[in-house]
Amino acid sequence: GAVVSQHPSRVICKSGTSVKIECRSLDFQATTMFWYRQFPKQSLMLMATSNEGSKATYEQGVEKDKFLINHASLTLSTLTVTSAHPEDSSFYICSARVVAPEAFFGQGTRLTVV
Amino acid sequence: GESVGLHLPTLSVQEGDNSIINCAYSNSASDYFIWYKQESGKGPQFIIDIRSNMDKRQGQRVTVLLNKTVKHLSLQIAATQPGDSAVYFCAENANSGYSTLTFGKGTMLLVSP
């Protein structure tokens, strides 16, 4: 299957700082990427849909000014958590689509805000 | 046996047993379903999928059954192995376009040697 690489796999940051997470499709071009958030022992919750060259579509309740998404190329989408706080600590996962509706997932990023 | 934790139901089986993981999906318009396996600290891994025009599909050691009448999906794992221990999620897609996947709550499968 297609490979989606997410970086970093783990990050610890201080409260009030910003953190950028990258999601790359390694062997295919993805016009659409998705960002999920997952709390311990819970399911994946969609945060936003990222479309190359256009603004991301955010799910209800997700602050677009706090979770900045950029999809500048067909192989890269980034999620920036701005002014992070301890409650933003979570597992963030991206996925990318080649041909709908199949989706391939990255390895996830464990964010810890201290 | 099967138990329900605070957030995640757990299914405990012995190595070699057959496991059945169930999922109730929400949208009667969904036409595509996927089972994912997620190991601790990793992203979801595709296991098997099925389209709504089918009621059964088999892979290697896994079978997915779809009952559209009651909006129920199941994953059967034959001869369960300790390496199968993980959380399993079903996901549904509302149409064949670039719509999003909706994930179920997940079931933790624990396989004892």
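Given the structure is predicted, the values throughout are model-derived calculations rather than measurements. Throughout, a chain's letter reflects where its sequence line sits, starting with A, and its residues are numbered from 1.
By the 6.0 Å contact criterion, NE2 on A:His7 is open, its count of non-hydrogen atoms from other residues, nucleotides or ligands being 12 or less. In A:Lys20, the NZ atom is not crowded: 12 or fewer heavy atoms of neighbouring residues, nucleotides or ligands sit closer than 6.0 Å. The local environment of NZ in B:Lys56 is sparse, with at most 12 non-hydrogen atoms from other residues, nucleotides or ligands closer than 6.0 Å. In this structure, A:Ile12 places its CD1 atom where only 12 or fewer heavy-atom neighbours from other residues, nucleotides or ligands lie under 6.0 Å away. The 12-atom threshold is exceeded at CZ of B:Arg61, counting heavy atoms of other residues, nucleotides or ligands nearer than 6.0 Å. Counting non-hydrogen atoms of neighbouring residues, nucleotides and ligands closer than 6.0 angstrom, the CD atom of B:Gln60 reaches no more than 12 such neighbours.
Contact annotation for A:Phe39: neither backbone nor side-chain heavy atoms come within less than 4.5 Å of a heavy atom of chain B. Heavy atoms closer than 4.5 Å to chain A are found in the side chain of B:Phe89, but not in its backbone. With a 4.5 angstrom heavy-atom cutoff, A:Ile93 touches chain B only via side-chain atoms.
Taking the ring centroids of A:Phe105 and B:Phe103, they lie under the 6.0 Å cut-off.
Between B:Leu101 and A:Arg97 there is a side-chain heavy-atom pair separated by less than 4.5 Å. Residues A:Gln38 and B:Gln38 are in side-chain contact: their nearest non-hydrogen atoms beyond the backbone lie under 4.5 Å apart.
Atom OH of B:Tyr36 and atom OG of A:Ser43 lie 11.5 Å apart (nearest 0.5 Å).
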